[in-house]
Amino acid sequence: MHEITLVTGLFEIINEQVAAQGIASISKVRLKVGELAAVEPMTLSACFEVVAEGTVAEGAQLEIEEVPLTGRCRDCGDRFRIENFSFICPACQGGDVEMTGGRELYLESLEATMKSR
Ligand SMILES: [Zn+2]
């Protein structure tokens, strides 16, 4: 399953932050997920809950922001939203389109409580 691999990777990053910043508990995790990352948000949330159990992120809310697939035409420089995977420039009908967004998958931010010293 694709999503569990992603969540495991996500927790590696979270654990690094927890260790580096002395985080006591995490209340919210914000993710950016591109359209092309082919992630099912419901599955991702379910995996997250399972992996978070017993960690500082237990019970944390997972917020997923979906990033649409966008492109830029190398011929005329037009930027547009790519729909139905049609890599054709709507301005000049050119086919030399560079993908500019939609492949990302990263941790945007964490809302956390720090350990009191
Ligand atoms: Zn164009």
Side-chain angles (χ1 to χ4, degrees):
M1 194 161 56
H2 182 54
E3 281 81 1
I4 194 77
T5 314
L6 294 174
V7 171
T8 309
L10 176 66
F11 265 86
E12 277 170 27
I13 301 168
I14 290 177
N15 288 334
E16 273 171 30
Q17 301 256 329
V18 167
Q21 300 181 30
I23 291 171
S25 72
I26 295 171
S27 55
K28 195 184 266 186
V29 175
R30 284 197 197 87
L31 278 188
K32 277 212 176 186
V33 175
E35 203 175 353
L36 265 199
V39 167
E40 178 53 58
M42 292 290 286
T43 313
L44 194 64
S45 297
C47 290
F48 180 82
E49 263 177 50
V50 171
V51 180
E53 231 178 82
T55 74
V56 292
E58 185 170 342
Q61 196 190 333
L62 183 65
E63 215 174 80
I64 300 168
E65 191 190 328
E66 290 182 79
V67 183
L69 189 54
T70 52
R72 192 186 69 90
C73 174
R74 285 198 183 97
D75 291 327
C76 71
D78 196 40
R79 287 174 182 274
F80 51 91
R81 164 100 162 83
I82 297 171
E83 289 185 72
N84 304 317
F85 299 99
S86 163
F87 288 81
I88 302 289
C89 172
C92 73
Q93 312 302 319
D96 196 2
V97 173
E98 171 193 4
M99 216 191 307
T100 53
R103 260 201 287 215
E104 46 277 271
L105 197 152
Y106 60 88
L107 182 64
E108 169 85 353
S109 64
L110 287 177
E111 254 172 49
T113 313
M114 301 299 164
K115 281 181 191 151
S116 50
R117 312 177 174 214

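Ligands are counted one by one from 1 in listed order, and the atoms in each one are counted from 1 as well.
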Under 2.8 Å from the Zn ion (ligand 1), how many protein N, O or S atoms can be found?
-> 4
Is it the case that more than 12 heavy atoms not belonging to E49 sit under 6.0 Å from its CD atom?
-> no
Heavy-atom neighbours of M42 CE exceed 12 at 6.0 Å | no
Table please: side-chain donor-acceptor pairs of residues 8-17 below 3.5 Å, with sequence neighbours left out.
residue	atom	partner	partner atom	Å
T8	OG1	I4	O	2.6
N15	ND2	F11	O	3.1
Q17	OE1	Q21	NE2	3.1

F87: which other cluster members, linking ILVMFWY side chains closer than 4.5 Å, directly or transitively?
-> L36, L69, F80, I82, F85, V97, M99
E98 meets the side-chain hydrogen bond (donor to acceptor under 3.5 Å, both in side chains) criterion, sequence neighbours left out, with R72
Which atom pair, heavy atoms only, marks the closest approach of L105 to A37?
-> CD1-CB, 3.9 Å
